[in-house]
Amino acid sequence: MAYIELKNICKRFGDVQANDSMNLFINKGEIHALLGENGSGKSTLVNMLSGIYSPDSGQIFVNGEEVVFASPEEAIKRGIGMVHQHFKLAEVLTAKENIITGVKGSPFINHKKLTEQIYNIGKKYGLIINPDKKVYNMSVSEKQTVEILKVLYRGADVLILDEPTAVLTPQEIKNFFEILRNMKNEGCAIIIITHKLNEVMEISDKVTVLRKGKTINTVITKESNFQELTEMMVGRPISLAIERTQIPETDKKPLLEIKNLTVAGTDKLNALDKVSFALTTGEILGVAGIAGSGQKELCESIAGLCHAISGNILFKGEDIVGLNPRTIIRKGISMSFIPEDRLGMGLVGAMDIVDNMLLKSYQNKKGIFIDRKEGKDIAESIIEKFDINTPSVYHQVKKLSGGNIQKVLLGREINLQPQLLITAYPVRGLDIGASYNIYDALNEEKQKGVGILFIGEDLDVLLELSDRIMVLSHGKVMGIMNAADTNKEEIGMLMLGQDIAKGVAVC
Amino acid sequence: MENTTVQMVALFLQTSVQMGTPILFATLGAILGEKVGHLNLGVEGMMLMGAVIGFQVGFSSGDPALTLLAAGSAGALGALIYAFVTVTLRANQIVTGLALTIFGTGFSSFVGQKLAAETLSDSLVKSFAPMEIPILKDIPILGKMFFSQSLYVWLAFILAFVVYFFIKCTRYGLNLRVVGENPAAADASGVHVDLYKYISILLGGAMCGIGGAYTSVVFIGRWQEEITAGVGWIAVALVIFATWHPLKAIFGAYFFGMLRTIGFKIQNLSIPFFGNSFIIPTQLLDMIPYLMTIIVLVIITLRKKRENQPPGWLGNPYFREDR
Amino acid sequence: MLRVTKKPETSSGRRFLISILAVVAALLATSVIIFILGYNPLDIYWKMLEGATATPYRLKETINKAIPLVILSLGVGIAFRMKFWNIGAEGQYYMGAFAASFLALNYFNWPAYILLPAMFIAALVAGGIWCCIPAVLKARFGTNETLVTLMMNYIAISWITYLQHGPWKDPGQFGFPKIANFEKNAILPNLFGVHIGWVIALVLVVLVYILLRYTKLGYEISVLGESVTTARYAGINVTKVMLLAVFLSGGLCGATGMIQASAIESSLSYQMSGGLGFTAIITAWLARLNPFTIIIVSFLFSILLQGGTYLQGALQIPASIAGILQGSILFCILGSEFFTQYKVSWYKAKPKNKTENKAESQGGEA
């Protein structure tokens, strides 16, 4: 009998059956990976084990005893703790304060003893933190350390980690895995959620594969392989190769040239520091970098949303720095930035598809009234072209599925027939099939001669899709390489700010 | 001559502290609510409920402890309605708070209609009369200001320290702050978010109710319609002015109390200035708390000091399964 | 154990039913209070309805109370749609009344057809500017507009109080602090027995509806209300749209001040609003910011207000009973929205059988 057993768990959110009779068995001293695409129900399942959601039906057993968790507190009492993908920390408080929040004990806090306890736990697993540092001053990996300490401080021996590596650099991931192995050796059970196959292979003992709300199978990692896991995850054999279309060099014309672009950041460091590069027509320039390395500022400064301190942005030879977003849109520059909440920039969730189609074009019409006829025509055409699944053109955008939302956004941008398409994380949260649709659409635009700046997360995709790859680190360009001539390791080093030639950090 | 000026100043400051006391009670109450993320615009309503019930019970029983308890319970009852609608039913906080003010105003004038001509028993009045603390009361100015005051005044003053200590130094206070900053974090850490909200909002309501009763039972001693005269709104302002800090609220409350005293005591305030004297009509003084609050709000927004900002989740409902 | 989950959508019919149930619940709750206080609740309700509608005079009084509520709610609604939480309607109303009174008291020799429109426009501008101050602070410094608009109310009221006790005090009142009455040509005329404000209100409802639904500005306001970053991304001039919308919002509230000062008070007084600016926030919210629904909600609210006044005047029952009733109805309706968004079901401690069939217990399923 396994230490933790989840049997026939079902959970519905409105129209979506997130979990459909799922089963999961976890043993102590094992690292168990949950592998599945976005929307396969991974997070929902573990949220039920950690008491955030309550299942519609099904049973949970801990050490052979059936339990019902009405709140996270009850799960913690059973030694189950979770580190969420989006950290749940109070930013204005210190690490220490966050760690002991909700812990029972004497009304007054013994700060000295607490610091010591945190230090001891940290030492055991290799988690180093300054307990008196305010969370808002912390880096992402420090915040993650606080989250893990928080769980361990409560004496958890079952640790659930939801997409823990998404925000870490390759080197930080290496450290992090070391910590996980320490925990495993101490007898903890670890559930790690991810959609990155290589990490599954590297760290896990067992893998449970999920697809569309169902548990497909649980296998021992060593006895499986990439291909088998992928097929289970996607549900059919697929080839992972993206076709890179080649455009003859002679057809390429200069489109965008950026010279010494510098943008101020929130603290003393510049968000972008003397960034220079060029992009031609019919080219996909991939941009790699750790989250927050200046990608957002780069997109926004080209789109006119963010003001440069110095430098030039030459679009077909004309400097567009300081122009307002409206003028830039009219010039044929189109940006679709997909932030974490997807609807934050680019679409208006509460509006229907028709009104969203008008977002960039309504100002081109004369008069004070808005013309919804035009929006309806565009909506119908992109629904057909991109095979968007929606009950009607008057359906609220936020009620569509993630993939359809992204298709609406990209569809509108492409419909504007831009000359320069800036797209950031366009496949974030999409399943593999939908992602390939988007890659195909981008390649199609490239063949039409559109210049594409592609901000990506997945290095494999960047390598296959882009013609060239630019690496950003701390707002600086670390290098621009031909995608065919480079590899993940090289890009990973550059992402960290390591200069390959010198082998030392430059910032 | 010299002596009468000192006496006048002493009396003025004594009254200022008295005027500041209901503001302080209400502000502490509002801080407790906002610390768990609930902006309650029903402070005035809760004060009026406390004022009228306090007066009614004081009038019929003559028992000081019972009066205090009744006033606190009435304020807490108002807060309970607010908490149920905003915490459990997750309704809009602003609108619900305004509704509470309407309700409390109606409730107080309805209950109070029979009390208009009544006076409180001598024993009750005596129990809340200024207590003169030997020796200390003779310190010039400060003696009258602090050491010749009603028990209520002391209670408010001490309460500010208690609230501060509770929020800042105890485990419960820490949990409470996390609830207001990021309820999802509190929830994931095993804090009963709704329970903390309820307790905090209810305690806050009780403080508002007691503040109201101070006005009706101690300060004025008679019942009149809308007796709190906007103190509840000043309290909402003072929470910001004090940047959600109970100890700063003491100074703010006495300062705002001073401004009200000026308007209460004299018609026009003349300020000597290079041989001329400026006359400031006292009605204009009523603006000052609000004007200053706006200025403080602009300053704290500009300085961006994280510790001075409103609680992170202020005004938003929390639902665990929100995705 | 009770369990709460979000539900996908509620039909408008169901929403309506829930609202009706909420009102019934409120009436029941208030009945208990009224009963405890020694009156017969049914009697009181009937008298209030009678007092608000039974004779042409009473109906006129009810409409008189509905007019300012409608326009104030429209004003508040414009800002709310942009998620600009303007709770300063009260102050904007007073500043509008102030500007209108300034003209009425100083230029009373102008003919009515010039003076009245001038007063209306002055009030609109004054209310608009008053509302733009917090908007500018928000745009420039990022201050929280909820708190600033709230504070601005009391600054405006202090200002009117000052005028009434000081510079604008009518010397003909023998020291009593009152501002002089307007001349006849500064008073709005009647149409079908009720002052012309009702026509203004209806016209404004239609105009605001068109503005929000069919114009570019209305579209921009909606975009801004959903996401400022998206608005900037779409090339919308965020500050300009915000100021414009907020100006209209405050302007309508200011115009209400003019209508009340002219048609109802024939003067200016620091007590003339009686908290209407706050009530309007509630009516706008209950009407879900829909201009046409605002008419209905405002009218129903006026029945409560007028019914309360009638109780006091005719039966010596305190009008404040209406305040209690208003408060309870508000709590119930605000609370009832919960049942349009969430589903409550029983949750068994042993989760062996499906729990779906227990959903009807409260609120039910979509």
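Each chain gets a letter, A, B and so on, in the order its sequence line appears, and its residues count up from 1.
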Does [X], at its [atom1] atom, have more than 12 non-hydrogen atoms belonging to other residues, nucleotides or ligands within less than 6.0 Å?
X	atom1	value
Lys248(B)	NZ	yes
Phe166(B)	CZ	yes
Lys212(A)	NZ	no
Trp313(B)	CH2	no
Tyr119(A)	OH	no

* Just give me the residue among Val179(B), Val191(B), Asn175(B) that pairs up with chain A most often, heavy atom to heavy atom, under 4.5 Å. =>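 Most heavy-atom pairs within the cutoff with chain A belong to Asn175(B).
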* **Contact summary for Lys88(A) and Ala184(B), nearest pair of heavy atoms** =>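 Answer, listing the atom of Lys88(A) first, then Ala184(B): CD-O, 3.6 Å.
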* Asked: Which atom names give the shortest non-hydrogen contact between Lys104(A) and Arg171(B), and what distance separates them?
  ->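 Closest pair (atom of Lys104(A), atom of Arg171(B), distance): O-NH1, 4.0 Å.
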Non-hydrogen atoms of chain B under 4.5 Å away: do they reach the side chain of [X], the backbone, both or neither?
X	answer
Val103(A)	both
His111(A)	neither
Lys77(A)	neither

Going by heavy atoms in the side chains, are [X] and [Y] under 4.5 Å from each other?
X	Y	result
Ile109(A)	Thr170(B)	no
Ser189(B)	Arg154(A)	yes
Leu93(A)	Leu174(B)	yes
Asn182(B)	Glu91(A)	no
Glu97(A)	Arg177(B)	yes

* Is the Phe108(A)-Tyr172(B) ring centre distance short of 6.0 angstrom? -> no
* Structure fact -> chain B shares the most heavy-atom pairs under 4.5 Å, among Ala90(A), Gly81(A), Pro72(A), with Pro72(A)
* chain B contacts, top residue of Ile76(A), Val151(A), Asn47(A) (heavy-atom pairs, under 4.5 Å) ->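 Greatest number of close heavy-atom pairs with chain B: Ile76(A).
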